[in-house]
Amino acid sequence: MTTPVHDVLIVGGGGAGLRAAIAVAEEQPDLSVAVVSKVYPMRSHTVSAEGGAAAVIKPDDAAQHHCYDTISGADWLADQDAVEAFVAEAPGELIQLEHWGCPWSRDPDGSVAVRPFGGMKIQRTWFAADKTGFHMLHTLFQTAQRYRPVTRYDEWFVFDLLVHDGRCQGVAALELKTGALRVIPARSVILCTGGAGRIFPFTTNAAIKNGDGMALAYRAGVALKDMEFVQYHPTGLPGKGILITEAARGEGGVLVNRHGRRYLEDYDLGQPLDVGDPRHPQLRSMELGPRDRLSQAFYWEQEKGHTFEGEFGAYVHLDVRHLGQKKIDKKIPFVRQTALNYMGVDCVHECIPVRPVVHYMMGGVHTDIHGATSLPGLFAAGECACVSINGANRLGSNSLTELLVFGRRAGLAAARFARGHGPVAADVLEKKAEEETRRIVSLHTQGAPGADSLATIRSELNAALEHGAGIYRQADRLAAACEKIRELKERLGRLKVLDRSRTFNTQLVAALEAQFLLDAAEAVAFSAAARRESRGSHQRLDYKERDDERYLKHTLAFRTDGDPRLEYLDVVITKWPPGARVYGKQ
Ligand SMILES: Cc1cc2nc3c(=O)[nH]c(=O)nc-3n(C[C@H](O)[C@H](O)[C@H](O)COP(=O)(O)OP(=O)(O)OC[C@H]3O[C@@H](n4cnc5c(N)ncnc54)[C@H](O)[C@@H]3O)c2cc1C
């Protein structure tokens with residue numbers, strides 16, 4: 001069954017998707033815009049962001065500082081024109097959010113409060129206590145409701161892009177409640193489907209983050225860019241993967257090993273943070289170093305036998321006790337609640353066990369600065385896209401702002417495209433969707449029951465990625481991960497989906513998500529194997545140095561019937577020539 005034709009169709013109801021929808025509805029009110037989401041929008045991963053969103057606002061800060069922190073944090077792999085646009089538009093976006101009702105935390109004088117964040121050498125992270133993502137998404141959701149042209153298809157799972165005449169003209173989706181297969185024709189489509197952290201075993205990412213949009217674009221011939229850059233967050237809960245926000249360190253929390261030593265002192269991350277004065281200029285240092293460096297320090301502590309050993313492997317301690325109950329309850333209440341609920345630890349009196357966990361994909365669908373991909377009519381924004389402002393390592397609190405800046409840009413670009421292009425071929429699309437439907441139905445009839453299970457395939461994939469493409473990488477382990485992915489793709493192709501029910505068939509959805517996940521994992525592992533240097537989050541034990549001569553380039557991975565084809569693209573440098581990434585004593 002086919003829905004009405006929309007001018008702009010957005011896949012994803014998280015921060016990027018809703019910002020794009022509002023941009024179209026507000027700035028091009030005569031266009032029809034729809035948001036399709038596999039979960040109710042307020043359940044998108046954006047809701048779980050805690051720490052904050054970066055933008056220059058205070059008098060001691062300036063655009064060039066935010067640009068430089070982002071570019072050096074990215075180990076010079078970010079496109080500098082994109083970073084400049086991002087930094088310039090960031091404050092306006094956060095102020096706009098305030099006008100729509102976002103309750104930013106305040107300083108006593110009534111001005112917007114900012115907190116320090118890793119890799120940001122000046123405090124510029126706006127926050128709403130430690131529930132920033134919740135408040136941002138809520139604000140965007142209620143604002144989107146105000147606009148009549150915004151139609152929502154909640155709990156519809158998009159499984160295919162409909163491409164006809166060299167142009168993306170809509171999507172095919174499964175309506176989860178009824179099991180009905182639907183065609184949503186559109187003049188332009190924006191992918192805002194979030195990340196793919198679920199390719200790894202320990203991750204802060206929600207179960208819905210399986211790289212769906214990345215795989216949809218990849219299958220339609222669009223390149224995935226810089227997929228080898230995967231961010232580990234240094235403080236997740238062992239076993240659970242649940243995040244203890246960087247705000248805990250921003251407010252003065254410290255990391256200690258099993259000897260009680262504040263071990264970051266040994267890793268050239270600068271002077272200890274003066275916790276008595278959180279505005280101290282040495283904020284750049286130690287616990288507020290960039291995430292990749294902190295995760296790497298953990299790896300070496302583990303190698304030296306300085307970590308604790310627990311049921312889920314090695315961990316260290318995050319100590320916030322010295323902040324005192326009053327500050328903890330005011331500034332990081334959710335940290336206290338999370339540690340209590342999931343670890344039985346009250347951080348007012350005890351240390352929180354933490355370890356690095358996969359958090360964010362720097363790579364994604366290759367787009368230009370307006371979110372356009374190489375496939376006419378297809379756009380992407382948010383974590384599923386790679387513009388790229390995050391390069392080899394994203395700085396904490398840049399992502400939430402990125403959703404707004406590039407969500408809006410993609411919305412406007414998609415609206416322009418829709419205006420310039422005629423009606424879509426709805427009948428042709430129905431035929432294409434039928435072919436896809438046959439593929440889905442075949443999942444019930446292929447293979448043999450019980451031969452393999454989705455859970456086994458996923459856990460083997462997780463183990464292969466953690467071992468081969470984790471915090472540190474090397475050729476033989478990467479080759480083994482690539483080989484495993486080949487094998488798992490073949491096994492998944494034979495997997496039989498036994499549940500034939502129509503209402504909320506979670507087994508069918510999980511099988512489709514596993515296919516997406518394998519596509520994303522393939523791009524990660526093969527891109528990482530080909531990058532023979534160390535840069536940002538991509539650290540190789542066999543190629544320890546950054547090699548600008550050969551690799552100051554974006555990787556582009558294209559899907560083929562066999563292994564992906566890789567190409568390279570120059571990084572855009574405007575004002576900041578590549579230099580050393582220094583966080584230590586300067
Ligand atoms: C725990 C946690 C804390 C974080 N904290 C911060 C922070 O403090 N500051 C910061 O800057 N960043 C933070 N991040 C990162 C940031 O929150 C995310 O990168 C960002 O929210 C992603 O937003 P998005 O709109 O791209 O996607 P999401 O919010 O993940 O939304 C994806 C949407 O796509 C839909 N979707 C996906 N696949 C399909 C499909 N096949 N069919 C239909 N719909 C689909 C989903 O239903 C959902 O609506 C954090 C991330 C995590 C995991």
Side-chain angles (χ1 to χ4, degrees), residues 9-20 35-55 90 115 117-118 120 125-128 130-134 136-137 140-141 152-161 171-176 184 190-198 203-216 231 233 235-236 241-247 250 291 334 338 357-362 364-365 380-385 390 394-404 406-407 410 509 512-513 515-516:
L9 173 66
I10 296 158
V11 186
L18 293 179
R19 183 65 188 93
V35 177
V36 50
S37 176
K38 69 180 174 181
V39 296
Y40 193 70
M42 275 306 294
R43 302 192 67 189
S44 304
H45 189 77
T46 301
V47 81
S48 63
E50 298 163 31
R115 63 166 41 128
F117 237 65
M120 300 279 187
T125 299
W126 304 37
F127 57 97
D130 56 0
K131 297 182 179 70
T132 309
F134 168 82
M136 282 181 59
L137 194 61
L140 290 168
F141 185 58
R152 289 211 328 268
Y153 301 104
D154 293 342
E155 299 188 327
W156 287 30
F157 180 88
V158 173
F159 59 87
D160 194 31
L161 295 179
V171 305
L174 181 67
E175 187 181 350
L176 297 175
I184 318 180
I190 314 177
L191 296 171
C192 297
T193 51
R198 286 277 154 175
T203 174
T204 62
N205 283 195
I208 55 173
K209 297 189 75 166
N210 296 295
D212 302 20
M214 297 174 185
L216 288 168
Q231 178 166 82
H233 193 293
T235 56
I242 294 171
L243 179 75
I244 297 297
T245 171
E246 197 156 302
R291 292 172 177 175
F334 196 55
T338 305
V357 290
V358 164
H359 187 54
Y360 183 85
M361 305 291 295
M362 267 69 74
V365 180
E383 190 173 342
C384 81
N390 300 309
R394 171 178 75 91
L395 292 192
S397 73
N398 265 353
S399 172
L400 288 178
T401 316
E402 177 181 3
L403 307 179
L404 304 172
F406 291 99
V509 169
L512 294 168
E513 285 180 332
Q515 293 176 354
F516 292 149

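Both counts, for ligands and for their atoms, begin at 1 and track the order of listing.
If you check which protein heavy atom lies closest to atom 52 (C) of ligand 1, you get His45 NE2, 2.6 Å. Among all non-hydrogen protein atoms, the one lying nearest atom 23 (O) of ligand 1 is Thr46 OG1, 3.1 Å. Ser37 OG, 3.7 Å is the protein heavy atom nearest to atom 46 (C) of ligand 1. The protein non-hydrogen atom at the shortest distance from atom 13 (C) of ligand 1 is Ala49 CB, 4.0 Å.
Every N/O-N/O distance between Asn205 and ligand 1 stays at or above 3.5 Å. For ligand 1, the polar-atom distance check finds an N/O of Gly52 within less than 3.5 Å of one of the ligand's N/O atoms. Below 3.5 Å of separation, one finds no N or O of Gly396 facing any N or O of ligand 1. At least one N/O-N/O distance between Val158 and ligand 1 falls below 3.5 Å. Not a single N or O atom of Gly17, backbone or side chain, sits closer than 3.5 Å to an N or O atom of ligand 1. In terms of N/O distances under 3.5 Å, ligand 1 is approached by Gly15.
Ring pair Tyr40/Phe141 is perpendicular by interplanar angle, where above 60° counts as perpendicular and below 30° as parallel.
At a heavy-atom cutoff of 4.0 Å, ligand 1 is contacted by the side chain of Leu243 but not by its backbone. When non-hydrogen atoms are compared, ligand 1 lies under 4.0 Å from neither the backbone nor the side chain of Thr245. With a 4.0 Å heavy-atom cut-off, ligand 1 is reached by the side chain of Tyr360 but not by its N, CA, C or O.
Between the side chains of Thr204 and His359, at least one donor-acceptor pair of N or O atoms lies under 3.5 Å.
The closest heavy-atom contact to atom 25 (O) of ligand 1, among the options Ala20, Ser48, Ala16, comes from Ala16.
Ligand 1 has Cys192 within reach: a non-hydrogen atom of the residue lies less than 4.0 Å from it. Under the 4.0 angstrom criterion for non-hydrogen atoms, Gly195 is not in contact with ligand 1.
Of the possible polar contacts, one joining the Lys38 side chain to the Ile208 backbone as a donor-acceptor pair under 3.5 Å is found.
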